[in-house]
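Because the structure is predicted, anything quoted here is derived from the model rather than measured. Residue numbering restarts at 1 for every chain, and letters A, B, ... go by the order of the sequence lines.
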Amino acid sequence: MHQKLSFYVDRDSFLHHLNPLTKLTLVLTLVILSFLGLSYWLPTIIFLFIIIPLSFLGKVAQEFFNATVKLLLPVVGFLFVMQAFFHPDGTQVIFSIWIFDVTVESLSFAYLTASRILTMVASFLILLLTTHPSDLMSDLTRRGVSGNLSYVITSTLQIIPQMQVKAGTIIDAQQSRGLETTGNVFNRVKAVVPLVGPLVFGSLVEVEERAIAIEARAFTAPLKKTSLREIPDRAAERAARWIFIGVIIIAIGLRIWLL
Amino acid sequence: MKIEINNLHFTYPGEIIALSGINLSIESGEKVAIVGQNGSGKTTLVKHFNGLLLPTNGTIRIGDWDTKDHSVAELASRVGYVFQNPDEQLFNSDVKSELGFGPRNLGYDDDRTEELVEDAIELTGLDNYRDTNPYDLSPTWRKMVALGSIIALDSPIVVFDEPTTGQDAQSVEVIARIADELHSRGKTLITISHDIDFCAENFERIIAMSEGEILLDGSVLEVIAQEESLATTFVDPPQLTRLGKELGFDQTVNDQASFLGAYRLSHEQN
């Protein structure tokens with residue numbers, strides 16, 4: 001009955017109270033910094049000394065570590081293997097397997113790429129864990145992002161758990177009509193049409209109902225809309241956002257002139 | 001077929017206690033309505049009857065089967081469960097094959113399936129629609145198709161989840177007639193409903209639930225007379241019962257016939 005709509009964890013913390021745009025700007029700053037290549041260890045430093053403390057500040061450390069491990073370990077592992085074996089130029093061979101040489105250069109490149117991806121995904125995770133999707137979207141819409149775009153994003157986030165609930169009910173209803181859905185392969189194949197059929201028909205009907213429902217609330221009206229959700233935005237946060245943007249500009253400048 | 005529930009407890013994931021210590025036995029051929037506010041545990045309870053939910057603690061037996069030892073599909077031969085929303089189960093291209101889906105699942109041969117489907121078509125009045133695609137029918141008729149698809153299972157126990165929601169007076173009457181017919185064939189009927197008038201007019205025993213426990217359990221007249229207890233689970237007695245009480249009738253009334261009877265009686269006395 002209780003389905004998670006998103007990564008969002010409802011807690012009371014400093015990060016939760018920040019304006020969504022401030023968090024988004026911070027995340028983008030961190031991501032740009034780690035991808036600019038100002039320093040080899042910068043992504044690692046950002047991850048260890050900014051993102052991890054932020055997860056504690058947002059009181060979502062446990063969820064953060066769980067999600068990071070689940071999402072990233074396979075990706076980073078795969079990346080390491082691919083880069084280590086297929087990185088084109090490397091001279092200092094550490095060891096060889098068949099025709100593949102694992103070199104110092106390939107390993108260090110793999111580490112750099114992995115740490116960048118880690119920083120990028122982890123900083124977005126912090127944003128998602130501490131920001132309700134509708135807050136983010138209504139704030140962005142208020143600032144002029146197209147309502148269509150935010151509808152597509154929020155409805156996509158919501159449609160998956162809704163489909164899961166619906167699929168659960170359909171499975172219950174068909175089992176109640178004597179359909180075996182578990183056991184051998186034959187049973188499972190036979191069960192596909194009775195389960196998928198109502199799900200697809202139902203979803204098609206729902207699309208129409210959704211369209212009517214949002215139009216009944218004047219979705220396409222060409223006026224500026226007000227929002228029921230009050231999203232606070234303090235002067236200090238506006239200042240912080242300009243500072244982040246300043247940091248980005250300086251970093252890009254350094255990248256261009258110094259390196 | 002007897003339903004026996006012993007000290008049934010059920011907790012949803014996340015420590016949400018839905019049922020705490022239900023003891024209940026329903027004899028073969030009874031007509032039982034379960035009422036109570038949303039979240040009182042009605043649906044959780046009946047979902048145990050055909051094994052959709054298994055007890056966290058305690059046992060539930062359908063005849064000689066413990067629901068723990070049998071799959072939902074196996075239990076479908078004993079307990080038919082009519083879901084609220086027909087759109088969450090219909091998938092065949094015509095009514096006839098939709099009704100035949102259940103009997104074929106239970107492994108009945110063609111002759112028996114044909115016989116059961118024809119019987120269900122007759123009972124639900126779907127005669128003119130046997131080759132129609134269920135999705136071309138109105139919601140009222142789709143509900144009849146869903147109902148028919150369970151009737152065709154020919155199970156000794158039939159559970160209706162909110163059979164009258166969204167139905168007009170005419171189709172409520174049809175549902176009541178179907179319930180009567182199934183009852184006369186000796187089947188056990190169980191309904192969960194917010195429609196207390198429907199329950200009082202068509203069922204013999206009412207179980208009122210509140211916060212995962214049984215609040216009241218007795219004959220219709222016994223239960224609907226307990227206005228104060230029922231109020232704790234946000235159930236109002238039927239309109240006629242309340243009217244009868246306002247008019248000062250000596251006995252509790254549950255339907256038009258008993259209301260008129262009591263009305264005449266009180267007139268003669270005056």
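A cation-pi arrangement is not found for A:Arg241 relative to A:Phe244, the charged atom failing to lie both closer than 6.0 Å to the ring centre and inside a 45° cone about the ring normal.
With a 4.5 angstrom heavy-atom cutoff, A:Val193 touches chain B via backbone and side-chain atoms both. With a 4.5 angstrom heavy-atom cutoff, B:Gln84 does not touch chain A via any of its atoms. For B:Asp87, the part lying near chain A is the backbone, with the side chain staying farther off; criterion is any non-hydrogen pair under 4.5 Å. Looking at B:Tyr81, both its backbone and its side chain come within 4.5 Å of chain A, counting heavy atoms on both sides.
Among the candidates A:Val196, A:Asp172, A:Thr169, the residue making the largest number of heavy-atom pairs closer than 4.5 Å to chain B is A:Asp172. Between chain B and the residues A:Ile171, A:Thr181, A:Leu179, the most heavy-atom pairs under 4.5 angstrom are made by A:Leu179.
For the 3.5 Å distance criterion, the side chains of B:Asp127 and B:Tyr129 fail to qualify, holding no donor opposite an acceptor.
The number of heavy-atom neighbours closer than 6.0 Å to CD of A:Gln62, taken from other residues, nucleotides and ligands shown, is 12 or below.
Side-chain contact between A:Leu125 and A:Phe64 is present, with at least one heavy-atom pair separated by less than 4.5 Å.
When each of B:Thr56, B:Leu53, B:Leu19, B:Ile17 is paired with B:Tyr12, the side-chain contact (heavy atoms from CB on, under 4.5 Å) condition holds for B:Leu53 and for no other.
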